[in-house]
Amino acid sequence: MNRGQDASFKAVSAHKRPHDGRTPCATYRWQFHKGFGFRDATRHVSYLADLGISHCYASPYLKAHAGSNHGYDIVDHAHVNPEVGTKAEREAFMEALRAHGLYQILDVVPNHMRVDDPENRLWWDVLAFGRRSRFAHYFDIDWVTPERPYEDKLVIPILGGPYGEVLESGDIVLDFDAGRGGFIVRYYDHLLPLSPKTHPQLLAEVAQSLEGLGPDDEPINREISDLIALFERAGSGAADGTSLTEAAGLAAEGAARMGAWVAGHARCAVALEKVLARYNGGEGEGAHRYDALHALLEQQSYRLTFWRVAGYEINYRRFFDINELAALRMEDPEVFAATHDLIGRWIAAGDVAGLRIDHPDGLRDPRGYCARLQDWARERQGSRSATSIEGNPYPLYVVVEKILGADESLPVDWAVNGTTGYDFTRLVSGVLVDADGKAGIDAAYEAFVGAPDDYQGLLYECKALIMHTTLGSEIHALGLALDRIAERDRRTRDLTLSAQRTALFEIVACFPVYRTYVTADGVSAADRAVIDAACAQAKGRNPLVESAAVDFICDLLRLEGLDGRAPEERQEILEFVAAFQQYTSPVMAKGLEDTLFYRYNRLVSLNEVGGDPSRFALSLNDFHKANSERLRYYPETLLATSTHDSKRSEDVRARLHVLSEIPQSWGEHSLWLKACHAAFKGQDGAAPSVRDEYLLYQTLIGIWPLTDTPEAWGGMRERLKDYALKAAREAKGETSWVRPVSEYEDALTAFVDAVTDWARNGETLAALAAFVAPIARVGLMTALSQVALKLTVPGIPDFYQGTELWDFHLVDPDNRGPVDYGLRARMLAEVARFDEEDAAGRAALLGAWLVRPEDGYVKLHLTRRLLHVRRAYPRLFAEGRYEPLEAQGPRARHLVGFARRFEDVTMLVIVPRHYWALTQGGRRLPLGRAVWDETRLSLPAGVAASSWRDVLTGERVASHAPHAGSLEVAAALARFPIAVLIASGAAAAAMDEGL
């Protein structure tokens, strides 16, 4: 710690609260996987500490599917992912965090597990034992489906074609693996167990195939008999008094003995191979060669199906539409305890200071889960519980990955500290987009695509598409459940199944938020309003929908008349409501984020998770109001600008926001690009579609390299081709993931390749480069404002790995690549020189960084300085009042100003926006009187300070007569585009020497 920092920290110690590590000052997200493990993280902990981070925010690192680059596909909650590191390496990482005064927030995945992996012993047991498995209640499985002929079977949609064709092609194979339970089914990389009940049959056939046994081979016969008896007992389960756990143990013992038996007797191995060959088509003629294998598969607790069947008929709840991820019944106390035990031990040891809850909307009762989580943490923390510390209402810091609608708030009765910050991404984008550009951007979009877009109509269409295809099976099951409820009541039994299904479909398609949170405890006013709005819209949108059916569903969703029902009926209704709520969320996510966001391309910087692209900009008053409400209700929520799930990184969005400031020019250039590239389009000019093409040009502008080198350009071209293909499939128009159209995809790839080829398209690219260059320069200024707001408004700033420098990545997997921490450490050391320089030295450094902003030093300086200020004044940022400040003068609309105040410390934040006019299209820096003229910012009422210290420049800024109640913006923004000014009583002297 240098002299200046030391003086400042000592002087402001009165403003610190006891720091137990529970409440972060700032978080930094690390993606753990095979290429970045505990050993890598341990080496870079000191870098996070020097940057000013308080908490490492770790992606899930429980044991995941081999090769996972994200960790959300957990297969074993009891062990650390071996690809990330060993137990000792994790402990070394913890020690490094403690040594540098850092803490850890861990991402947990309560909603689902990866199930197409034999390492998931829970699911393997369910496949082997079916409904009788001791783990069957762990998963959300609908075993009772009367309309299906395969009741009590799991639908396993893994086949590449119809079952009969795949079976008769020989791709489904009976095999033997002693380590996997004995006899197994193999389909390429997919392995499935056979039920212990079918092992005796196969073993008897092996015995019949043995040749040349004599009197001395009695041990072999006896072993076969013993194995058959053992598997018969394992297969009978609890029928003969054997517990399910004992049955699984018997099956495992039998598999091990079979393995030893086969390995120890060559004739047994030969006999086994004969049996396997017979089942795998080695005997018989034509398709009948597979009759025996088919009969064997029919005896299993699962049914192998074509993967496309999953969209229409699957009987386990998934994570969205991903067949490999099966949902857990986290409402079951046993499931909760088993899946959280290891994390609980880490919390008890002090290794984990907080949790990030992935996809809470998938849970049956997110509110109840969060409450249970806090009680569970309190039990494990014991005397270390943070409840005794003032201001900490819960023992564990918890944030939830809850996607809020633009008019939605996180319920105040959840036992959490806030969300993961997507709502802030929407707010900060809204305030940085220029509202005056809306008409021009609308005109440019309409001119390019040829017609205006009805956003709500498109959203409805996209959600309907999802329900008709990838999530069709779930609404089918909901319709059947609804019909059973209707049949119980004489007032509703005449509602046909068709009428109920239609009404249900329309209500879900019109649902304005991801989900409601109705439980047996009641219905909140907010949830009631959402349900009423969806039902009213369903009636108005589809004239064929039966009003009585909509009203019936509406009453159920609001639990009307529930108390008057019989217990069985009451439970059935609660089950339906829970399932409905768990369904609307994936429909919204897949329809909005993964479909509409790739179709509605008016200004794609607004197409972000948590965003509402139909709302072009946010008023300054609404931005201030949202910040004030956050301070009141969730002051410890995370503030995110980039995440591992972002559609575009923060700096791509900031650059594209600039288009809102030059809508006419953008409109002209987009049509010019369209004309220039018409000859490159395939399929008689139809590929790419106009929507895909418009998205492509915005994306090209957004990721245009800051440094014009062959390596940078080549890498960008490949990334753009990959992205264009993914975006087209997500849009589900001309092609899709489910049904790829190779002709369109080939034409799209060829188009991107031609457009970005300097040899074929050099003249156009040169002109486009001239257009992009000033946008890129202005975009960097906008990105600085974005960072400054994140670091100063109420909440906890969160940084995604690597984004402390410029980051121009797109949606995953593009944003999950390696980060050069060696470079960042060297740059941070250079930036830290600022603290040791005198006034002239600081001015020289700032000048150099601003002249060449593309180097990234200016963003790193802003980030580091404000993180250190947050660390020096924790109570100011955690508890300080938030007061909007009014600007007056010729550039007033270009300012976001506010004050943070706590006790005798006041901080003024001055953040410009809409830099195009301020910088004359990037030709000058937004500094001094030539830019700001007589623009002034009002001071908070009651503030008497006449001098302020800017923590970003180290210089003094005076406020004096004749405008004692305001501050001259030209003076505050003379050296740096953003100002963060602090005046305090106790810390005034320290500010002169340090921050």
Side-chain angles (χ1 to χ4, degrees), residues 427-428 430-432 434-436 617-632 784-786 788-794 866 869 873 876-877 879-915 917-918 926-953 955-985 987-988 991:
L427 291 170
V428 75
V431 81
L432 293 177
D434 191 345
D436 290 350
L618 184 74
S619 73
L620 191 55
N621 285 338
D622 285 343
F623 180 71
H624 287 313
K625 180 181 177 183
N627 291 331
S628 297
E629 289 181 351
R630 186 184 316 113
L631 179 62
R632 179 180 179 186
L784 292 179
S785 292
Q786 186 171 238
L789 291 172
K790 178 171 74 171
L791 281 158
T792 52
V793 300
L866 292 183
V869 172
Y873 291 88
L876 171 67
F877 288 94
E879 305 171 51
R881 298 193 302 277
Y882 178 89
E883 301 178 23
L885 302 179
E886 183 181 355
Q888 305 94 24
R891 299 294 192 183
R893 71 178 297 270
H894 291 273
L895 286 177
V896 179
F898 55 89
R900 302 297 308 275
R901 302 172 70 180
F902 180 78
E903 294 181 352
D904 62 343
V905 177
T906 300
M907 179 180 73
L908 305 183
V909 179
I910 306 173
V911 179
R913 58 178 181 158
H914 313 154
Y915 282 96
L918 296 176
L927 305 177
R929 188 167 299 281
V931 174
W932 294 103
D933 197 9
E934 295 299 323
T935 307
R936 305 188 71 84
L937 193 69
S938 62
L939 295 178
V943 172
S946 60
S947 180
W948 306 80
R949 175 67 74 190
D950 188 344
V951 302
L952 300 176
T953 66
E955 295 187 352
R956 285 184 174 277
V957 178
S959 57
H960 49 73
H963 302 286
S966 65
L967 195 69
E968 188 179 56
V969 174
L973 302 180
R975 295 282 188 188
F976 199 73
I978 294 156
V980 177
L981 313 175
I982 293 185
S984 68
M991 292 306 301

All heavy atoms of L631 vs all of G880, minimum pair found to be CD2-O, 3.3 Å
Who are the ring-ring contact (aromatic ring centres under 6.0 Å, His included) partners of F898, not counting sequence neighbours? Y882
Criterion side chain to side chain contact (heavy atoms under 4.5 Å, CB included) on V431 and L789, from CA distance to verdict: CA-CA 10 Å; V431 81; L789 291 172; 4.2 Å; yes
Identify the two heavy atoms, one from M907 and one from I982, that lie closest to each other, and give their separation to 0.1 Å. CG-CG1, 3.9 Å
Closest non-hydrogen atoms of A788 and L866, given as atom of the first, atom of the second and distance, are CA-CD1, 4.1 Å
Does T935 offer a backbone N or O that forms a donor-acceptor pair with the side chain of D933 under 3.5 Å? no
CG on L427 to CG on L618, rounded to 0.5 Å: 6.0 Å
Has the side chain of W948 got a donor or acceptor atom that lies under 3.5 Å from a matching backbone atom of V980? no
Count the heavy atoms of every other residue, nucleotide or ligand shown that sit under 6.0 Å from CD of E629, and state whether that count exceeds 12. yes
Let me have the donor-acceptor pairs involving side chains of residues 967-974, under 3.5 Å, with sequence neighbours excluded, atom names and distances please.
from, atom 1, to, atom 2, distance (Å)
E968, OE1, R929, NH2, 3.1
E968, OE2, R929, NH1, 3.3
E968, OE2, R929, NH2, 2.3

Which atom pair, heavy atoms only, marks the closest approach of D950 to I978? OD2-O, 4.2 Å
Using a 3.5 Å distance criterion without hydrogens, assess whether the side chain of R891 forms a donor-acceptor pair with backbone atoms of L918. no
Give a yes or no on whether the backbone of V896 and the side-chain of R913 come within a donor-acceptor separation of less than 3.5 Å. no
If I compare all heavy atoms of H914 with all of L432, which pair ends up nearest, and what's the gap? CD2-O, 3.3 Å
May I have the step-by-step check of side chain to side chain contact (heavy atoms under 4.5 Å, CB included) for V909 and L885, ending in yes or no? CA-CA 9 Å; V909 179; L885 302 179; over 6 Å; no
Would you say that more than 12 heavy atoms from the other residues, nucleotides or ligands in this model lie under 6.0 Å from the CZ of R975, or not? no
Whether S785 side chain and P912 backbone form a donor-acceptor pair below 3.5 Å: yes
As a quick check of understanding, evaluate side chain to side chain contact (heavy atoms under 4.5 Å, CB included) for L908 and L939, giving each step before the final call. CA-CA 8 Å; L908 305 183; L939 295 178; 3.5 Å; yes
Salt bridge (Lys or Arg N to Asp or Glu O under 4.0 Å) involving D436 - partner list, sequence neighbours excluded: R893
Are any non-hydrogen side-chain atoms of R900 and P794 less than 4.5 angstrom apart? yes
Just jot down the salt bridge (Lys or Arg N to Asp or Glu O under 4.0 Å) partners of R901, sequence neighbours excluded, or say none. E883
Contact check, side chains of V957 and S947, non-hydrogen atoms, under 4.5 Å: no
Between R949 and R956, is there a side-chain heavy-atom distance shorter than 4.5 Å? yes
With sequence neighbours left out, what residues match D622 under side chain to side chain donor-acceptor pair (under 3.5 Å)? S619
Supply the atom-to-atom distance R632 CZ to N627 CG, rounded to the nearest 0.5 angstrom. 15.0 Å
Heavy atoms only: give me the nearest A887-L895 pair and the separation to one decimal. CB-CD1, 3.9 Å
My understanding is that only residues two or more places apart in sequence, or in another chain, count here; which of them pass ring-ring contact (aromatic ring centres under 6.0 Å, His included) with F976? H861
